[in-house]
Amino acid sequence: MTIVSGQRAVVVGASRGLGRGIACAFAEAGARVVAVARTAPALAELADSNPNIATEVADAADATVAWNLIDRYEPPVLVLVAGANPVMRALQHQTWETFSANWHTDVKIAFSWLREALLKPLPPGSRVVVVSSGAALNGSPASGGYAGAKATQRFIADYAQDEARRAGLGLTITTVLPRMTPFGDVGSRGVRAYAARTGQTEEQYLQQLGKLLTPQVAGSALVELVLADPANTAPGYLLTGAGLQELP
């Protein structure tokens, strides 16, 4: 467990939902976690839960934040979970501003942090995980540009891995696509919207999703991923309540 125990792990978007579960899992595995988010009270509560967690209150979409924190911590583990809550409306009820919201946050976060990881660069052997969404595979007609933004995060991660390989940096960059889950703001809004769209109750809609992805399952899965041999690590995985499944 040398890549985790005693090592620095920066988790961007750690104040709630899957990000919180991921931060807690790395802290419990012995990592010195730096939890990054904009919400100070939620971060303070998270830090109180485990002495291995320190916090940084910051806007992850600010490119200077990416530069500053990567320069300061040089984390051998970097997990990007942060993003905007999409506006859940049918296409004709979106405005361009609501439709494009995730392009200005989620995509910018992936671009800014991966750019800095390459420019610093992070230490050889470092692991970077970009948490995208299962919507990147199947679309999401009630969330504007969300699915396209999440798919673009995956492209950016692939581009960054190729550049790291070309430069001989020794970085492993992986995209994880979680299935919809009610354990978080984005997922809970999605469940409400799609249940209404299909004329179901939220309970009925959740039943058809099968085993639900929890923050605890997400955290365990990402620790397992970071501990895996880079030579056997795929570029992308679907993450469900049953764990990680390699993408074709």
Would you say that [X] contacts [Y] through its side chain, given a criterion of any heavy-atom pair below 4.5 Å between the two side chains?
X	Y	value
Arg8	Pro76	yes
Glu163	Asp158	no
Glu45	Arg20	yes
Trp113	Val65	yes
Leu206	Pro182	yes
Leu244	Leu238	no
Leu227	Arg127	no
Leu78	Ile70	yes

Is there a chain of hydrophobic side chains (I, L, V, M, F, W, Y, each step under 4.5 Å between heavy atoms) that links [X] to [Y]?
X	Y	result
Val36	Val129	no
Trp96	Leu91	yes
Leu171	Ile109	yes
Val12	Val223	no
Val217	Leu212	no

* To do: May I have the step-by-step check of side chain to side chain contact (heavy atoms under 4.5 Å, CB included) for Thr172 and Val128, ending in yes or no?
  => CA-CA 6 Å; Thr172 302; Val128 182; over 6 Å; no
For [X] and [Y], indicate whether the former's side chain and the latter's backbone hold a donor-acceptor pair under 3.5 Å.
X	Y	value
Trp103	Lys108	no
Thr39	Pro41	no
Ser126	Leu122	no

Looking at every non-hydrogen atom in both residues, tell me the closest pair between [X] and [Y] and how far apart they are.
X	Y	result
Ser112	Ala63	OG-CB, 4.0 Å
Pro215	Gly17	CB-O, 3.6 Å
Ile173	Gln161	N-OE1, 2.7 Å
Ala31	Ala9	CB-CB, 4.1 Å
Ala142	Arg197	CB-NH1, 4.1 Å
Ala82	Gly13	CB-CA, 3.7 Å

* Asked: Counting only heavy atoms not in Tyr73, do more than 12 fall under 6.0 Å of its OH?
  ->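 Yes, enclosed.
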* Over 12 non-hydrogen atoms of neighbours within 6.0 angstrom of CD in Glu224 -> no
* Quick one: do the Gln200 and Gln207 side chains pair a donor with an acceptor below 3.5 Å? -> no
* Asked: Is there a donor-acceptor contact under 3.5 Å linking the side chains of Ser143 and Arg89?
  ->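 The answer is no; no qualifying pair exists.
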* Are Arg38 and Glu56 close enough for a salt bridge, meaning some N to O gap below 4.0 Å? -> no
Can you tell me how far [atom2] of [Y] sits from [atom1] of [X], rounded to the nearest 0.5 angstrom?
X	Y	atom1	atom2	value
Asn138	Met180	CG	CE	10.0 Å
Thr98	Tyr146	OG1	OH	15.5 Å
Arg154	Ser133	CZ	OG	12.0 Å
Ile22	Gln216	CD1	CD	11.0 Å
Leu18	Leu222	CG	CG	9.0 Å
Asn102	Asn85	CG	CG	8.5 Å

* Residues in side-chain contact (heavy atoms from CB on, under 4.5 Å) with Ser132, at least two apart? -> Ala136, Lys150, Gln153, Thr175, Leu177
* To do: Among Leu239, Leu80, Val79, find the residue that satisfies the side chain to side chain contact (heavy atoms under 4.5 Å, CB included) test when tested with Val131.
  => Val79
* Asked: Among Val34, Leu46, Leu43, Val11, whose side chain to side chain contact (heavy atoms under 4.5 Å, CB included) with Ile53 holds?
  ->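 Among Val34, Leu46, Leu43, Val11, the one that satisfies the side chain to side chain contact (heavy atoms under 4.5 Å, CB included) with Ile53 is Leu46.
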* Show your working on side chain to side chain contact (heavy atoms under 4.5 Å, CB included) between Val77 and Val10 and close with a plain yes or no. => CA-CA 6 Å; Val77 177; Val10 171; over 6 Å; no
* Given side chain to side chain contact (heavy atoms under 4.5 Å, CB included), test Arg192 with Met88 step by step and report yes or no. => CA-CA 9 Å; Arg192 287 196 300 272; Met88 303 302 298; over 6 Å; no
* Pairs flagged by ring pair (Phe, Tyr, Trp, His ring centres under 6.0 Å) wherever residues 186-241 is involved - sequence neighbours left out -> none
* **Derivation of the side chain to side chain contact (heavy atoms under 4.5 Å, CB included) call for Asn52 and Glu28** => CA-CA 8 Å; Asn52 284 344; Glu28 290 165 5; over 6 Å; no
